[in-house]
Amino acid sequence: MAAYPMQGTPTLLLIDRSGRLRQQIFGHVPDLQSGAEIMQLLLERSKESGGGPANRTVVGRRGQ
C-alpha cells in the first residue's frame, strides 16, 4: 500500500502495459465498470499498434 497512496480496501489499480498507473479507485467497483475500464486500456493499445486483426486481444472468450 505504500507504493500507491491508498485509502484502504477495496482499491482497484489499473496499470497499463507501460507500467503506468492509469486509474485508482477506492471502494467497490461493479464488474461491468471495471471491465469497461480494462477494455478502454486494451483499445488504446490496439489503436497505437494499428488495430488490425492480428493486434487485437480477445478477453473472456469461451468455448474455444
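Positions are given from 1 along the sequence. Side chains are part of it too, since the values below use all heavy atoms of this structure and drop only hydrogens, waters and symmetry mates. Predicted, not measured: the structure shown is a model, and the values here were computed from it.
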Could you state the interatomic distance from [atom1] ([X]) to [atom2] ([Y]), rounded to the nearest 0.5 Å?
X	Y	atom1	atom2	result
Ile25	Leu14	CD1	CG	6.5 Å
Gln24	Met6	CD	CE	6.0 Å
Glu37	Leu42	CD	CG	12.0 Å

Hey, are Glu44 and Arg17 close enough for a salt bridge, meaning a charged N less than 4.0 Å from a carboxylate O?
->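 Salt bridge: no.
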Are Phe26 and Leu12 grouped together when hydrophobic residues (ILVMFWY) are joined by side-chain heavy atoms under 4.5 angstrom apart?
->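 Cluster IDs for Phe26 and Leu12 differ.
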Could you give me the CA-CA distance, side-chain angles and deciding distance for Arg22 and Ile15, then say whether side-chain contact (heavy atoms from CB on, under 4.5 Å) is met?
-> CA-CA 6 Å; Arg22 297 294 300 270; Ile15 300 171; over 6 Å; no
List for me each residue that meets side-chain hydrogen bond (donor to acceptor under 3.5 Å, both in side chains) alongside Gln33, sequence neighbours excluded, and say none if there are none.
->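 Listed in chain order: nothing, the list is empty.
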